[in-house]
Every structure is written in structure tokens, then in C-alpha cells.
Amino acid sequence: MKAKRVAAGLLACLMLLTMAGCGGDSSETEAAAQQEQDMGTAVETQTVTRTDLSNENMVSGQIIADTSVSVVPTIGGTVKSLPVKAGDTVQKGQLLFQIDTSQITSSYGALQESYSATQQMTNEAIQNAQDALPLAQSAVTTAQANYNNTLALFNVGAASQVELDQARSQLDQANNQLSQAKSAVSQARASQKAQLAQIESSLDQIRTQAAAGTVTAPCSGLITAVNIVEGGMAGQTGAAVVIAEGGRTRISVQVSEELLSQLKVGDAAQVTVSAVSPTPFSASIASIAPAANAQTALYEVRLYTPADVTYPIGAFADVTFYTNQRPDAVTVPSDAILTDGTEQYVFVVQGDTAKKVTVQTGVVGDGVTEITEGLAGGETLVVKGQTYLTDGAAVRVVSGEDTP
């Protein structure tokens, strides 16, 4: 019995010691929590700034020729030579390609021989007609003299009316023969002219077609497409070569009606053509289509590319338009804004205390939001830890622009 009482007493002492130890740990924890509360909620801050802000609208576009000239051959045939390729810069009058015209010119020599033979033959016909003129003129002279003599005799009664009529008939006949001789000369010359003109027309046609086989650049510029190959056929129904006149290119983008209402000619944009460089360049809107595309219901907007850089036709471009521009706007990180129903608010630090500030927002940019009412710039804004704050709560700045 005595042993049992001793054991029970020892157990009671151990329990008392254990309880005393636990009570000490709880007090330390509560003290640490109280110290943490007295120091304030840990937050990160930054100073509210003023900056230019706008909405960014990125649209995909494509590089196109400012003025595109299609070169279509006027004759068909085999491409004999093709010294140019897409991407080449050419000058006006420079050879683009040569079409084989040997079949066209094969009859040229025979036509030239025919021209010479016809000319010789018709010259002989003209000469023969001209040779008959003196004889006909002499017959007229003789008939005229005979008529004059017969008329004189008739007037004195030495010749009869029948004789005078015969003399007159002979004169008329001689004049008719002279007229026919002159007409024969004119007809011979006209026949020569017509026959030679017909042959000359055929020769001209061959020369024109032969010349058309040599196709040159109608303007200076950048070749954007070559749709023929050497040894292949060139037709008259499509563009064999396409030239961007002057080499100037533009960006064509299609925008919705909603975005269109916020754009105007002259507005600046940022353009990135990845095929050339990852670095964007500035461009301005050159033109806006007055009507939408019937198939897409989108409007074409064009911008010029820099003149000192060659951009491949057909390359894709990312175009960023800036709308709702706000110069010198008060901006804060969008994540710093809290919402309670319809109320939007932020917390700013004043001394060691958080102050709740109701705000009105405007344009939303890339990770930032415009504040139109509530902040003026320069305030110390809580950007992390704000969700744990209440108005007037103690704060402890652990990092941020205001941290020493």
C-alpha cells in the first residue's frame, strides 16, 4: 500500500510539471503574435506615377507592294532566257525574259523575197503603161490637127458634115485612148502600192511579234513574283513577272468596325516583321478603306514601311494600334486594385498606417490601369499584401520603392 501511494504521488508531480511547461509555451506564442500585430501587416509598396497610357490593339497584317505592275507578254512561246528572279531590283528597260520567236521569223526571209519580186514586177507594169503614153499622146495630136483642118474646110464648104463628124470621132477616140493609157499608169502604180503594202504589213507584224519576244521592265522597282521558268511556256493570259514599282512596300491589315472607329489617317503604330527583324519600327496609317470587304466585313488599313529597308512581299507583320490615348495619366498596377461589389479601392501607406482610397478607373493598359479619380500621383501604394488590410490597419513595409 505504501508503495502504491508513493507511485501515485510521483505521477501527480509529473503531471503538474507537464502542465506548467505547456503553459509557458502558449504564453510565448501569444506574445510573438501580439508583437507581430503591434509591428503591422507586412506589405510591399511603390510610388504612384503619371505616364502616357493607351489601349494596345495587335492585328496581323501582310507586306504588299505600294504599286504593283504586272508584266504580261503580248505573244506566247517558249521562254528562251530568264535572267531575273523574285527579289531582284530592276531598272526601267532592263531585260526581264526572252521568248523564242524563231517560228514567227521563219517566214520573214520569204516575205522579203516576195516584196522584192513584187516590186520588180509592178515596176515593169508601170513602165509598160508609161511607154504607151507617148503613142497615145501622138495620136491625139494627129487627130486634133486633122479635125482642125477638116473644120476649116467645112467652114468654106470644101468638106462635108460627114467628113467633119469622122474627124471629130477620130479625135474623141484618140483622147479616150490617152485617158486609158494614163489610167493604166495610175492603176499600175496603185496595184504596186497595194501589193507592197500587204507584204509590208506582214513584215511589220513579224517584226512587231519578234520585238515582243524581248520583254523589258516597264518601270524600275523590286521583282515580287516570277511565274515562268526558263524552257517553259509563257502565255498571254497571266502575269509572267510582277514588279513593285519603286520597290516601295506597305503593310495591309484588316480591322473590325469597332477598332476602325478609333483610328484615323496619320495615327502612329508599331510594326514587327519577324522575317526581317524582331525589332519593331514605327509607322503611321497611310490610308483607310472607305468600305468593308464584302466577304470578311473587315476594313483595310495600310501603313508605309521604311524606305531604307527591303521587306519581302507577302511576309506577315504584327501591327499594334494605340487607342484611347491618355497623356500624363495616373496609373497603378491592375493587381493593386480591389473590388467590393461596385466599389473599387486601393490602399496607400501614410506613416505606418494603411488608408483605404476609393478610386475610379479608366483605360486598362499592359498590366496597368488608369486612375481617373482618387489618386493624383506620388502616393505610396500597396501593391502586395493589400488583401489582408483594413482601413487604418498598421503596416510594415518590407520591400518596394519606399523601402530604404
Side-chain angles (χ1 to χ4, degrees), residues 71-78 80 92-93 95 97-219 233-237:
V71 180
V72 181
T74 57
I75 63 170
T78 304
K80 187 176 181 181
K92 182 177 181 179
L95 177 66
F97 56 93
Q98 182 79 44
I99 295 177
D100 185 5
T101 59
S102 57
Q103 290 185 344
I104 296 173
T105 58
S106 61
S107 61
Y108 189 81
L111 280 173
Q112 283 186 314
E113 292 180 1
S114 175
Y115 184 92
S116 298
T118 300
Q119 188 176 41
Q120 180 178 356
M121 182 181 64
T122 53
N123 280 340
E124 291 177 357
I126 292 172
Q127 186 62 51
N128 291 335
Q130 288 177 330
D131 289 343
L133 281 176
L135 296 176
Q137 184 62 55
S138 176
V140 169
T141 301
T142 300
Q144 183 67 52
N146 180 53
Y147 176 77
N148 292 339
N149 292 332
T150 303
L151 179 60
L153 292 173
F154 177 79
N155 289 333
V156 296
S160 65
Q161 181 66 46
V162 173
E163 292 173 326
L164 181 61
D165 291 341
Q166 290 177 343
R168 180 62 192 181
S169 176
Q170 291 173 355
L171 177 59
D172 291 341
Q173 185 177 359
N175 281 324
N176 287 336
Q177 291 176 346
L178 178 61
S179 295
Q180 290 175 0
K182 290 180 179 180
S183 178
V185 173
S186 297
Q187 289 176 357
R189 287 175 175 169
S191 177
Q192 180 189 55
K193 184 177 180 180
Q195 293 181 61
L196 294 180
Q198 184 176 3
I199 299 173
E200 183 64 34
S201 176
S202 298
L203 289 171
D204 285 343
Q205 185 176 3
I206 292 175
R207 284 191 289 263
T208 299
Q209 290 180 326
T214 301
V215 183
T216 59
C219 62
M233 293 296 294
Q236 301 170 254
T237 57

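Position 1 is the first residue of the sequence; numbering continues from there.
- Using modelled atom types and a 3.5 Å distance limit, the side chains of Gln127 and Asn123 yield no donor-acceptor pair.
- For the atom pair Gln130 CD and Lys182 NZ, the distance stands at 13.0 Å (nearest 0.5 Å).
- Ala181 and Ala136 make their closest contact through CB-CB, 4.1 Å (heavy atoms, listed as atom of the first residue, atom of the second, distance).
- At a threshold of 4.5 Å between non-hydrogen side-chain atoms, the residues Leu164 and Arg168 do not count as touching.
- A distance-only check finds no donor-acceptor pair linking the side chain of Gln209 to the backbone of Ile206 [under 3.5 Å].
- Atom CG of Leu111 and atom CD of Gln198 lie 10.0 Å apart (nearest 0.5 Å).
- Defined by atom type and a distance below 3.5 Å, a donor-acceptor pair is missing between the side-chain atoms of Asn176 and Gln180.
- Of the inter-residue distances, the one linking Gln119 atom CD with Ile126 atom CD1 reads 9.5 Å to the nearest 0.5 angstrom.
- For the pairing with Ser191, the side chain to side chain donor-acceptor pair (under 3.5 Å) check across Gln195, Lys193, Arg189, Gln187 returns one residue only, Gln195.
- Shortest non-hydrogen contact noted between Ile199 and Thr118 is CD1-OG1, 3.5 Å.
- From Thr216, atom OG1 reaches atom NZ of Lys92 across 9.5 Å, with rounding to the nearest 0.5 Å.
- Of the residues listed (Asn146, Val140, Asp165, Thr150), the one engaging Gln170 in a side chain to side chain contact (heavy atoms under 4.5 Å, CB included) is Asn146, and it is the only one.
- Counting non-hydrogen atoms of neighbouring residues, nucleotides and ligands closer than 6.0 angstrom, the CD atom of Gln120 reaches no more than 12 such neighbours.
- Using a 4.5 Å heavy-atom cutoff, the side chains of Lys80 and Ile99 are not in contact.
- Taking CG of Leu171 as the start and OG1 of Thr142 as the end, the distance is 10.5 Å to the nearest 0.5 Å.
- Looking at Ser114, its side chain never comes within 3.5 Å of a backbone N or O of Ala110 through a donor-acceptor pair.
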From CA spacing to verdict: side-chain contact (heavy atoms from CB on, under 4.5 Å), Val215, Gln98: CA-CA 6 Å; Val215 183; Gln98 182 79 44; over 6 Å; no

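- Of all heavy-atom pairs spanning Ile104 and Ser107, the tightest one is O-OG, 3.9 Å.
- Distance CG/Asn148 to CG/Leu153: 11.0 Å, rounded to 0.5 Å.
- Across Ala158 and Glu163, no two heavy atoms sit closer than the pair O-OE1, 4.4 Å.
- Nearest approach of Tyr108 to Arg207, heavy atoms of both residues: OH-NH1, 2.6 Å.
- Annotation for Gly235 and Pro73: closest pair O-CG, 2.9 Å, computed over non-hydrogen atoms.
- Although no hydrogens or angles enter the test, the distance criterion places no donor-acceptor pair under 3.5 Å between the side chain of Ser201 and the main chain of Ala197.
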